[in-house]
2 protein chains.
Amino acid sequence: MTKGRHAELVHQLERQIITGELKPGSRLDEMALAKQFNVSRTPVREALMQLNASGLIQLRPRRGAVVAKIDLKAMLEMFEVMSELEGMCGRLAAKRASDNELEKLKNVHSKSQIAVDTHDLELYYELNVELHETIYLACRNDFLVQQTTTLRNRLAAYRRGQLLSGNRINQSYAEHGKIIEAITNRDEKLANELLRSHIMMQSGTFNDFIATLPKDLLE
Amino acid sequence: MTKGRHAELVHQLERQIITGELKPGSRLDEMALAKQFNVSRTPVREALMQLNASGLIQLRPRRGAVVAKIDLKAMLEMFEVMSELEGMCGRLAAKRASDNELEKLKNVHSKSQIAVDTHDLELYYELNVELHETIYLACRNDFLVQQTTTLRNRLAAYRRGQLLSGNRINQSYAEHGKIIEAITNRDEKLANELLRSHIMMQSGTFNDFIATLPKDLLE
DNA sequence: TCAACTAATATTGTATACAAAAATAGATAT
DNA sequence: ATATCTATTTTTGTATACAATATTAGTTGA
C-alpha cells in the first residue's frame, strides 16, 4: 500500500460496483466502509470524492453516497455516446491496425466460430471481450480507449441482464465477421458504422433491453 | 455555502485552471490553498481528489498535486476524440434540431457575417461560442454535451495560444455556413464530417498548433 | 390507529493532531 | 568547488475530535 489507502479504496469500490457486487442505489456508509477496510473515515471520504467525480457514485450533500442510479434518459444518452466511441475505435483500427493485429482479429474470430458451434456461451463471452480489446489496441488512441472503458464500466451494472441468448450469438458472430472484414479492407466508414450498430444492438433492441431492466435499478 | 466547502473549492479551482489563471505544471500546495480559501486542509484535499479524477490536475502519491500537464501524444489523442464528439453533436443536431433551433443557427450566422466584415474578432469569438452552444442544445443529448464540455475544458489551457487570425476567421465563417446548411438539410453524415474537421482545423494545421505551444506546457 | 411534534441518535462535514515520507539545507570530505 | 551524507524542516497521508445537519424513535394528541 505504498500508493495510499484511498487509491486502494477507489480500486476496490470500483470493482465492486462494476461487477454488480454493489448495486445501483446501494448506500455507501462511511463508517461501515472504514471498518470494512480497517481505515479511518478520511481515506474513505477521499475515495468517495473520486468515485463521485468519475460518475460511479452520487454524492448528495449531507445525505451520503449511493451507487449511481442512472435514469432512462441518461442511460439512452450514454449508450448513444458509447456506441459512437466504439464506432470511432473501429474507424481508427481500420486506419491503423498492424498486420499482426489483423491476424489476431482473424484468429479470435475463428475460435469464436467453435464457441458458436458448440453453443459455449462462456467461451464466446471471453472471446468477444478479447476481440473488442484487440480493436482497442489497434485504434492507437489510449485516451479514447480509456474514455470508452470508463463509460462501459459506468453502464456495466445495467448491462448485466442482457445475457447472450443463442440467437443473439449467431447475429453477433455474423456482425463480428463483417466488422473484421471492414477493418481488414481499411474501410473506415464501414467499420465505424458496423461497430456503432453492433454496440447498439448488443442488447437486442432497446425495447427488449429496457424491458429486461429491473425496475429498482432505475431512479 | 450550503453545499459544502469542497464543492465550492472544486468550482473555483476548475475555473482558475480553465481560464489559465493556474497554468499546467503549477504546484497546488494544500496549506496555501487552505489559507487562501480560509478552510482546513480537509476540504482542500477532498476537492483535489475530485479534480484528479476529472483529469484537471495530477496527484502524485506523497508528492503533491500539480495542474495537469498533457504530453503531445495524449493531446493529439484528446483532440481526436473531441473532434469526434463535436461531429456527433452535429450529426444528432441534423437529426433532431427544432425549427426554432435551425432559425437561431441562421440568425447567429448572419450576425457573424457582420463581425467578419468589420474584422471584429471579439464579437466573432462570442458568436462562435453561441453557435456551437446552439448545436449542443439541438443534439438533445445532455451526457454528450457534458462529455464534450469536460474535454474542451481539459484542453482549454492548450488552446489559449491559437487566437483567431483574420484569415482563419474567413475560413471559419465559410465552414459554419456549410455546417448549418448540412444541419438544415438533415444531412447527418455531412454535418458530422464538417463539424469534425471544423474542430480539427480550428487550430489551423496541427503543425501550426504545435509550433505555437509554449514548451513549458508540455511535459 | 395514525399523524404530528419533540427528543435522542446517527451521520456528514470540517478542523486539528500526529505519523511517515519527501524536500531542503548544512556539514563534511574529496 | 563539488559531491555526498546527515540533520532539519516541510508536506503529505491518516486518525481522531468536534460541530452541524439529517434521521430515527418515542411520545402525545386527536
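Within every chain, numbering begins at 1; the chains are lettered A, B, ... in the order of the sequence lines, protein sequences first and strands thereafter.
- Remark: P of dT11(C) and CG of L48(A) are 14 Å apart, rounded to the nearest angstrom.
- When the nucleotides dA15(D), dT11(D), dT11(C) are ranked by their closest atom to the side chain of S40(A), dA15(D) comes out on top.
- In this structure, M31(B) atom CE and dT9(D) atom C1' are separated by 12 Å, rounded to whole Å.
- For T42(A) and dT14(D), the shortest distance from a side-chain N or O to OP1 or OP2 is not below 4.0 Å.
- At a threshold of 4.5 Å between non-hydrogen side-chain atoms, the residues I135(B) and L195(B) count as touching.
- With hydrogens and angles left out, the side-chain atoms of Y136(A) and E86(A) include a donor and acceptor closer than 3.5 Å.
- At a cut-off of 3.5 angstrom, the base of dT21(D) holds no donor-acceptor pair with the side chain of R62(A).
- Remark: the Q16(A) side chain and the Q12(A) side chain contain no N/O donor-acceptor pair separated by less than 3.5 Å.
- The CD-P distance, from Q50(B) to dG13(C), rounds to 11 Å in whole Å.
- Of the side-chain N and O atoms in H6(B), one or more sit less than 4.0 angstrom from OP1 or OP2 of dT14(C).
- Among the protein residues, R63(B) comes within range of the sugar-phosphate backbone only, with heavy atoms under 4.0 Å from sugar or phosphate atoms but none that close to a base.
- As a whole-Å value, the separation of E30(B) CD from dT14(C) C1' is 15 Å.
- Going from atom CG of L33(A) over to atom C1' of dT11(C) covers 13 Å, rounded to whole Å.
- Across the protein-nucleic acid pair, F37(B) atom CZ and dG13(C) atom P stand 19 Å apart, rounded to whole Å.
- Counting only N and O atoms by type, the side chains of E46(B) and Q50(B) include no donor and acceptor under 3.5 Å apart.
- If you measure from atom CD of E46(B) to atom C1' of dT12(C), you get 10 Å, rounded to the nearest angstrom.
- In this structure, R45(A) does not reach the dT11(C) phosphate: none of its side-chain N or O atoms is under 4.0 Å from OP1 or OP2.
- Look at CG on L59(B): it is 15 Å from C1' on dA22(C), rounded to the nearest Å.
- Between the side chains of E175(A) and Q171(A), at least one donor-acceptor pair of N or O atoms lies under 3.5 Å.
- Residues R41(B) and G64(A) both approach DNA chain C. Their nearest nucleotides, taken by heavy-atom distance, put G64(A) toward the 5′ side.
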